[in-house]
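Lettering of chains follows the sequences in order, A, B, ..., and the numbering in each one begins at 1.
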Amino acid sequence: MPDSTIVTRFAPSPTGYLHVGGARTALFSWLLARHMGGKFLLRIEDTDLARSTEQACTQLLEDLRWLGLHWDNPQLVYQSRRTEIYNKLIDELIARGQAYRAYETSEELDRQRQIASRSKRQYRYARPKLADEQIRQYEADGRPHVVRFAVPVKEYRFDDVVLGPNQGYGPGEAQDFVIRKSDGMPTYHFAVVVDDADMGVTHILRGQEHLLNTCNHIALQEALGYPRPTYGHLPIIMNLDGSKMSKRDRDKKIRHSVGLWLKQGRKVELLEEQAKLPQGRLAQWLAADTSQLDLPEQARVMEVIGLTRGDLPEILVHDFKENGYLPEVLLNFLSLLGWSPGGDRERMSMDEMVHLFAIDGIGKSNSKFARDKLLAFNTEACAAAPMSRLIPAFREYLSVNPESPLNGADDAQLQRVLKMNHGFHILREADEKSRFLFVADAEVEYQSDAIEKVLKKNEGQGLGALRDVRQALTGVETWNAAHLEQAVKGFCEQRQLGLGKVAQPIRVAVSGTTVSPPIFETLEFLGKTRTLARIERCLEECAKG
RNA sequence: GGCCCCGUCGUCUAGAGGCCUAGGACACGGCCCUUUCAAGGCCGCGACACGGGUUCGAAUCCCGUCGGGGUCACCA
């Protein structure tokens, strides 16, 4: 039994928070392992020294934990700590003539590729034929080199469990690719093959962008005497507009907004100063389209140019956490992007997904990420979830939204907020709609258009209603929603007024806006003293001007 | 551009030759409920990319066209 147990893995590179594409890959690998009773392993592919950061790694693990995709290897595998292992193998390959040192610089190669593309030729790396003496000279000069794998010229075909049999390419397509970079680190291709073999990985699910890489990996496996794992290449998740979804979308949006901001005649230096960035940082970022600001930098720049979190596209798992989606719902939605349990089945718990998951259910075509449906799923799930689920979820949401005054609420208060906001889409909605409940009476901000529309319009009709209903409220002995409703409705009847004509003025008076949770529950929550104090203050503010 | 992958409502998909006058979900439209924003209930609109075959019969098989995507790095 242990021999036939399947082992899957997720192998992200720590260059930032996890994005939804990566999350889906992780999910499918996790589901496959759980469904089959196998193992799901996590490995950190941090061979790109320039881009990998420890912070990104921490964030990645946090996201995975939040999603509930727990891995089975207590000891994480970091590729950057395994260079000795790779080097030993690479040296052996060199000794056997299956790999060789190559001395071209990146610039030289770039130039060759350019020449080829200008003359509309297909560029192919030609294995250099260096004389021994030449090599000795290069080495004596201390010329940097990479190690390339001497790919045997032949056909590389494999069966893909998602895309079908006979994938790959024919002879003559393969090129000698780099397996060790000039900085001494292995490339992805090499490390991935070695580690998957070392970790006993039997099933590899990954994005379709890796389809052709598989040929390189197979060639390496054959040279190293490794077994070939089962491959499945997942369709790609696209943006609604058809462009590829990537972490850069966020940066792109900020870049665009910064562009607009600067167009209004403002200086880069000013932005740098206000965003507390080192001199030249922005210019450097703006000059290179593919470079990105890190998260704290983004936050500071956004603040200066007036961009809020809600303006950014949700593409990182972290964005969904910040906006208050339930992780299990995100996962359910993600699972449906490229997979179907068949029939009409859509809403699934984690357990149900594990139970139903099957590779045959994975589709071949790319899908677009439309968050409307996710929103609907989340709404339903939140409406159906017990408080024992909602409160911890709300706490998690609040922990990444420290600016919310709801952070000061206790569980009982949170529960009341959740109940009175029943029907919300995301936790952010319940939060933002309820913040006025947790600020001091004097801090309530009155929106001028709300005051105008509800209180001052029609010769201050609303204002009059508010003044009068205050009396009725003052007389309420038992301050709860039921009694308040009775009192206010009685007042309305007496005055021949629709409830809306009275409820809206009260709403504006206590919340400062035209939108709040249901009014009687709101007033109950606020309590008599605070309700009356707010009405008082509102009346005063209006009297002022 | 070469090579490769894909193509069912706006979106995610069910569909493995007759069960399909193509099912579900989300979105959208209408009505109902209603103290705001929501949520909820009911009804509706809406697709087999196109053209050829194969077959008694095709969304399902084959070919071509078109469309979308991936990949051609010392990034993964």
Side-chain angles (χ1 to χ4, degrees), chain A residues 11-13 15 45-48 50-52 79 102 104-106 109-110 113 117 120-125 144-148 160 162-164 167-170 172-173 175 177-183 185-189 191-192 206-213 233 235-236 238 240 242-244 290 333 336-347 360 363-377 379-380 382-383 421-425 429-430 433 450 454 485 488-489 492 498-504 506-508 511 513-520 522:
Chain A
S13 54
T15 56
E45 310 224 317
D46 53 354
T47 54
D48 185 346
R51 292 205 302 151
S52 303
Q79 291 186 327
E104 301 91 344
T105 63
S106 305
L109 291 171
D110 278 349
R113 276 191 275 263
S117 93
K120 301 204 166 167
R121 278 197 341 267
Q122 207 56 37
Y123 173 79
R124 301 192 52 75
Y125 179 81
H145 69 272
V146 300
V147 176
R148 282 180 187 265
D160 190 287
V162 172
L163 295 173
Q167 303 295 323
Y169 48 59
E173 291 293 321
Q175 297 188 56
F177 56 93
V178 175
I179 56 178
R180 186 170 66 203
K181 301 179 269 189
S182 56
D183 66 0
M185 294 300 279
T187 59
Y188 157 74
H189 300 296
V192 91
R206 46 158 53 153
Q208 241 169 64
E209 66 269 22
H210 287 294
L211 187 64
L212 270 351
N213 286 341
H233 289 88
I236 294 171
M238 316 289 289
L240 209 46
S243 62
K244 189 177 177 182
T290 51
F333 174 74
L336 263 14
L337 256 33
W339 172 69
S340 165
D344 293 347
R345 204 67 201 278
E346 283 201 324
R347 327 283 150 126
D360 328 346
K364 298 179 180 186
S365 52
N366 295 347
S367 49
K368 290 177 184 156
F369 186 90
R371 51 179 73 57
D372 281 348
K373 187 160 174 166
L374 167 60
L375 218 47
F377 273 31
T379 307
E380 271 177 47
C382 286
N421 281 292
H422 184 93
F424 63 87
H425 300 103
E429 228 171 75
K433 231 163 85 175
V454 176
E485 181 165 0
V488 173
K489 281 192 171 160
C492 289
L499 186 50
K501 292 265 187 263
V502 180
Q504 275 307 80
I506 301 177
R507 175 169 282 119
V508 172
S511 75
T513 72
T514 53
V515 176
S516 85
I519 193 65
F520 303 117
T522 297

N/O to N/O distances under 3.5 Å, protein versus nucleotides 37-43 of chain B:
| from | atom 1 | to | atom 2 | distance (Å) |
| --- | --- | --- | --- | --- |
| B/C37 | O2 | A/K433 | NZ | 2.2 |
| B/A38 | O3' | A/H425 | NE2 | 3.4 |
| B/A38 | O2' | A/G423 | O | 3.1 |
| B/A39 | OP1 | A/H425 | NE2 | 3.1 |
| B/A39 | O4' | A/G423 | O | 3.4 |

Under 3.5 Å, which N/O atoms of the protein pair with N/O atoms of nucleotides 14-23 of chain B?
| from | atom 1 | to | atom 2 | distance (Å) |
| --- | --- | --- | --- | --- |
| B/A14 | O2' | A/G343 | N | 3.3 |

Please write out the pairs of protein N or O atoms and N or O atoms of nucleotides 27-33 of chain B separated by less than 3.5 Å, giving the distance to one decimal.
none

Checklist outcome for this item: In 5'-to-3' order, the base (B), backbone-only (S) or no-contact (-) status of each nucleotide in nucleotides 71-76 of chain B, using a 4.0 angstrom heavy-atom cut-off, is SBSBBB
Checklist entry - When you check every protein heavy atom under 4.0 Å of nucleotides 58-67 of chain B, what one-letter string (B, S, -) results, 5' to 3'? => result ----------
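Among residues two or more places apart in sequence or in another chain, the ring pair (Phe, Tyr, Trp, His ring centres under 6.0 Å) test is passed with A/F424 by none. For A/A102, the side chain to side chain contact (heavy atoms under 4.5 Å, CB included) partners at least two apart in sequence or on another chain are A/Y100, A/E104, A/Y125, A/V146, A/R148. Taking A/F520 as the reference, nothing meets the ring pair (Phe, Tyr, Trp, His ring centres under 6.0 Å) condition, with sequence neighbours excluded. Qualifying ring pair (Phe, Tyr, Trp, His ring centres under 6.0 Å) partners for A/H425, counting only residues two or more places apart in sequence or in other chains: none. Remark: A/E209 pairs with no residue by the side chain to side chain donor-acceptor pair (under 3.5 Å) rule, at least two apart or across chains. Evaluation of the side chain to side chain donor-acceptor pair (under 3.5 Å) rule for A/K373 yields A/E346 as partners, not counting sequence neighbours. Residues passing the side chain to side chain donor-acceptor pair (under 3.5 Å) test with A/Q504 are A/R507, sequence neighbours excluded.
B/U65 and B/A49 make up a base pair, with Watson-Crick or G-U wobble contacts both under 3.5 Å. Judged by Watson-Crick or G-U wobble contacts below 3.5 Å, the nucleotide B/A14 has no partner.
Note on A/G170: nothing from the nucleic acid sits closer than 4.0 angstrom, heavy atoms only. Contact annotation for A/M185: no contact, since no heavy-atom pair falls under 4.0 Å across all strands. A/I519 comes within 4.0 angstrom of a nucleotide base, judged by non-hydrogen atoms across all strands. A/K364 comes within 4.0 angstrom of sugar-phosphate atoms only, judged by non-hydrogen atoms across all strands, and of no base.
In this structure, CG of A/L375 is placed 15 Å from C1' of B/C12, rounded to the nearest angstrom. The interatomic distance linking A/R345 (CZ) with B/C26 (C1') rounds to 18 Å, in whole Å. Look at NE2 on A/H233: it is 21 Å from P on B/C3, rounded to the nearest Å.
Checking A/S367 against A/L211, the closest nucleotide of RNA chain B that is more toward the 5' end is the one next to A/L211.
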